[in-house]
Trainee: 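One structure is given below, represented as structure tokens, and several questions about it will come after.
Counting starts at 1 for both ligands and their atoms, following the listed order.
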Amino acid sequence: MTEIGASLKRNGERLGLVPTMGYLHEGHLSLLRLLDGKCDIKSASVFVNPIQFGKGEDIERYPRDEARDVERLVQSGCNLVFCPDATSMYPRGYQTYVDVTGLSEPLCGKYRPGHFRGVATVVLRLFQITHCSTAAFGLKDYQQALVIRQMVRDLNLDVELVFGSTIREPDGLAMSSRNAYLSKEERIAAQAIPRALKWAESHADKGNKTPVEIRNGINEILMSEPLLKPQYVEIVDVDTLMPVSGEIRRVLVAVAVYAGSTRLIDNQVIGPESECNLLKKA
Ligand code: AMP
């Protein structure tokens with residue numbers, strides 16, 4: 001891959017990259033479409049990155065189907081699929097990690113220590129290996145998008161970032177490879193997550209609720225489902241991810257919720273000025 005990437009670059013061909021952990025769905029494929037017109041070769045990586053999983057997390061059971069992934073990617077116009085194994089990404093003696101300090105700390109960072117260090121490290125490795133000029137990320141993982149944007153800025157990486165909005169199932173649940181874990185009952189209960197975010201959106205637009213009231217309302221909707229257990233519900237600044245207490249103009253509502261033993265995340269930018277600026281330009 002390094003050789004291919006370097007030779008494409010030498011020949012002036014721009015490589016676009018969609019980093020994924022596989023078990024692909026429409027959310028991943030939508031990112032591939034975002035690369036249209038931005039590059040000459042569209043590529044995706046499929047790699048379940050061990051260093052972004054904590055102890056006791058789901059790395060062992062994370063769903064995998066490489067053959068199906070490659071087929072779906074090729075059908076969607078992907079020219080090159082990179083599926084490294086863990087020992088080539090982190091050979092014996094590997095020692096270098098990327099720590100994006102501030103943005104990695106709140107929200108998921110509080111509950112998954114080391115997660116964003118693993119994410120930033122693998123993304124930088126993928127950028128270096130592929131020599132990509134553009135990379136696409138989904139706002140389903142909003143905090144991850146900000147962490148990567150910060151890394152690109154801080155390290156002066158020559159990679160253009162594009163971000164795609166969250167692709168949802170017809171009933172509103174954000175698409176995720178982890179949805180495959182859900183039982184029928186948990187899958188139905190999980191519909192309360194997008195419902196709670198929609199509720200927050202409509203009340204924030206009216207401007208008649210404080211962040212605390214919005215947070216309580218979301219928690220109430222989530223907890224009305226016995227199979228759901230919220231891990232966090234936060235109303236934060238869209239750029240800094242710090243808690244917001246005053247008037248809601250444009251804020252991020254971010255939630256992590258257990259449906260049975262499956263941890264799901266979702267988010268929504270809300271408020272009268274809620275158009276997400278990440279969608280416009282990195
Ligand atoms: P993952 O395979 O879960 O690591 O995701 C790979 C990329 O796809 C990340 O940039 C995610 O943010 C993005 N992604 C995952 N799910 C969705 C979704 N439902 N809509 C849009 N992008 C998504």
Side-chain angles (χ1 to χ4, degrees), residues 16-35 42-54 57-59 61-66 68-70 72-73 76 78 81-84 86 89 103 107-108 112 115-127 130 132 134-152 159-182 187 190-191 193-194 197 252 254-257 262-269 276 278-279 282:
L17 174 70
V18 178
T20 83
M21 297 210 300
Y23 215 68
L24 302 180
H25 49 67
E26 218 18 70
H28 298 111
L29 301 177
S30 73
L31 297 178
L32 204 58
R33 287 192 288 276
L34 278 188
L35 296 177
K42 289 205 259 184
S43 77
S45 58
V46 174
F47 178 58
V48 182
N49 176 33
I51 67 166
Q52 71 185 68
F53 288 79
E57 291 188 351
D58 58 341
I59 185 153
R61 68 168 187 147
Y62 197 84
R64 292 165 169 88
D65 190 341
E66 206 171 283
R68 178 174 155 274
D69 287 345
V70 171
R72 296 202 73 178
L73 285 167
S76 306
C78 184
V81 187
F82 179 46
C83 308
M89 289 299 281
L103 285 169
L107 308 179
C108 290
R112 304 188 71 189
H115 169 67
F116 289 112
R117 181 181 193 246
V119 169
T121 301
V122 79
V123 169
L124 181 59
R125 294 272 292 128
L126 290 168
F127 285 1
T130 62
C132 63
T134 308
F137 295 88
L139 293 182
K140 152 83 168 34
D141 300 277
Y142 190 100
Q143 186 173 15
Q144 169 174 287
L146 287 192
V147 165
I148 290 162
R149 181 176 69 165
Q150 189 69 39
M151 173 180 79
V152 165
V159 177
E160 182 191 359
L161 298 179
V162 286
F163 298 104
S165 42
T166 302
I167 305 297
R168 297 177 179 279
E169 299 287 356
D171 65 4
L173 183 67
M175 289 191 178
S176 164
S177 309
R178 289 188 168 98
N179 292 350
Y181 297 147
L182 300 173
R187 176 67 187 73
Q191 292 172 359
I193 301 170
L197 294 178
L252 179 78
V255 303
V257 182
T262 302
R263 185 176 177 279
L264 302 172
I265 57 168
D266 202 346
N267 68 77
Q268 179 75 48
V269 176
C276 182
L278 286 181
L279 286 173

Trainee: To the nearest 0.1 Å, how far is atom 5 (O) of ligand 1 from its closest protein heavy atom, and which atom is that?
Mentor: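 In this structure, atom 5 (O) of ligand 1 has His28 NE2, 3.4 Å as its nearest protein heavy atom.
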
Trainee: Answer yes or no for Gln144: is there a heavy-atom contact with ligand 1 below 4.0 Å?
Mentor: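 Under 4.0 Å: yes for Gln144.
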
Trainee: If we set the cut-off at 4.0 Å for heavy atoms, which region of Arg168 has an atom near ligand 1: side chain, backbone, both, or neither?
Mentor: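 Under 4.0 Å from ligand 1, Arg168 contributes no heavy atoms.
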
Trainee: Can you find an N/O atom of Ile167 closer than 3.5 Å to an N/O atom of ligand 1?
Mentor: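 By distance alone, the answer is yes.
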
Trainee: Does an N or O anywhere in Ser177 fall below 3.5 Å from an N or O of ligand 1?
Mentor: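 In this structure, Ser177 places no N or O atom under 3.5 Å from an N or O of ligand 1.
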
Trainee: Below 4.0 angstrom, N of the basic side chain to O of the carboxylate: do Arg72 and Asp65 qualify?
Mentor: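 Salt bridge flag = no for Asp65 with Arg72.
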
Trainee: So, applying salt bridge (charged side-chain N to carboxylate O under 4.0 Å, His left out) with Arg178, which one of Asp266, Asp58, Asp141 is it?
Mentor: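 Only one option passes, and that is Asp58.
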
Trainee: Checking Leu124 now: which residues fulfil side chain to side chain contact (heavy atoms under 4.5 Å, CB included) with it, not counting sequence neighbours?
Mentor: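 With sequence neighbours excluded, Leu124 shows a side chain to side chain contact (heavy atoms under 4.5 Å, CB included) to Val98, Gln128, Met151, Leu155, Leu157, given in chain and number order.
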
Trainee: Met175 heavy atoms, cut-off 4.0 Å: which ligand 1 atoms fall inside?
Mentor: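 So the atoms of ligand 1 that pass are 16 (N), 17 (C), 18 (C), 19 (N).
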
Trainee: For Leu31, what residues pass the side chain to side chain contact (heavy atoms under 4.5 Å, CB included) criterion, not counting sequence neighbours?
Mentor: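 For Leu31, the residues satisfying side chain to side chain contact (heavy atoms under 4.5 Å, CB included) (neighbours in sequence not counted) are Val18, Leu34, Ala136.
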
Trainee: Nearest to atom 16 (N) of ligand 1, what protein heavy atom do you find, and at what distance?
Mentor: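 Result: His25 CE1, 3.3 Å.
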
Trainee: Side chains of Leu264 and Asn179: closer than 4.5 Å at any heavy-atom pair?
Mentor: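 In contact.
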
Trainee: Please identify which atoms of ligand 1 are closer than 4.0 Å to at least one heavy atom of Pro19.
Mentor: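 Close to Pro19: 6 (C), 7 (C).
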
Trainee: Parallel, tilted or perpendicular: which fits the ring planes of Phe163 and Phe137, with parallel below 30° and perpendicular above 60°?
Mentor: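 Answer is tilted, since the angle falls between 30° and 60°.
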
Trainee: What atoms in ligand 1 come closer than 4.0 Å to a heavy atom of Phe137?
Mentor: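 That gives atoms 10 (O) of ligand 1.
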
Trainee: Can you tell me which residue and heavy atom of the protein come closest to atom 10 (O) of ligand 1, and the distance to 0.1 Å?
Mentor: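 Ranked first by proximity to atom 10 (O) of ligand 1 is Gly138 N, 2.9 Å.
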
Trainee: Would you mind finding which of Gln52, Glu26, Lys140, Glu169 brings a heavy atom closest to atom 23 (C) of ligand 1?
Mentor: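 Shortest heavy-atom distance from atom 23 (C) of ligand 1: Lys140.
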
Trainee: Where is the nearest protein heavy atom to atom 11 (C) of ligand 1: which residue, which atom, and how far?
Mentor: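 Looking only at protein heavy atoms, the one closest to atom 11 (C) of ligand 1 is Asp141 OD2, 3.0 Å.
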
Trainee: Can you list the ligand 1 atoms lying under 4.0 Å from a non-hydrogen atom of Gly27?
Mentor: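 Answer, ordered by atom number: 18 (C), 20 (N), 21 (C), 22 (N).
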
Trainee: Which residue owns the protein heavy atom closest to atom 4 (O) of ligand 1, what's the atom, and how far is it?
Mentor: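 That would be Met21 CG, 3.5 Å.
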
Trainee: Centre of Tyr23's six-membered ring, under 6.0 Å away, within 45 degrees of the axis: is that where NZ or CZ of Arg68 sits?
Mentor: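 Positive - Arg68 is close enough to the ring of Tyr23 and near enough to its axis.
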
Trainee: Considering only heavy atoms, which of Leu24, Val18, Leu31, Val119 lies nearest to atom 8 (O) of ligand 1?
Mentor: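 The option holding the nearest heavy atom is Leu31.
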
Trainee: What heavy-atom pair brings Leu173 and Asp171 nearest, and what distance separates the two atoms?
Mentor: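 Answer, listing the atom of Leu173 first, then Asp171: N-OD1, 3.2 Å.
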
Trainee: So, for Ser43 and Leu35, which heavy atoms are closest and what is the spacing to 0.1 Å?
Mentor: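 For Ser43 and Leu35, the tightest heavy-atom pair comes out as O-CD1, 4.3 Å.
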
Trainee: For Ser30 and Gly27, indicate whether the former's side chain and the latter's backbone hold a donor-acceptor pair under 3.5 Å.
Mentor: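 Side chain of Ser30 to backbone of Gly27: a pair is present.
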
Trainee: For atom 21 (C) of ligand 1, what's the nearest protein heavy-atom neighbour? Residue, atom name and distance, please.
Mentor: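 Answer for atom 21 (C) of ligand 1: Ser165 O, 3.5 Å.
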
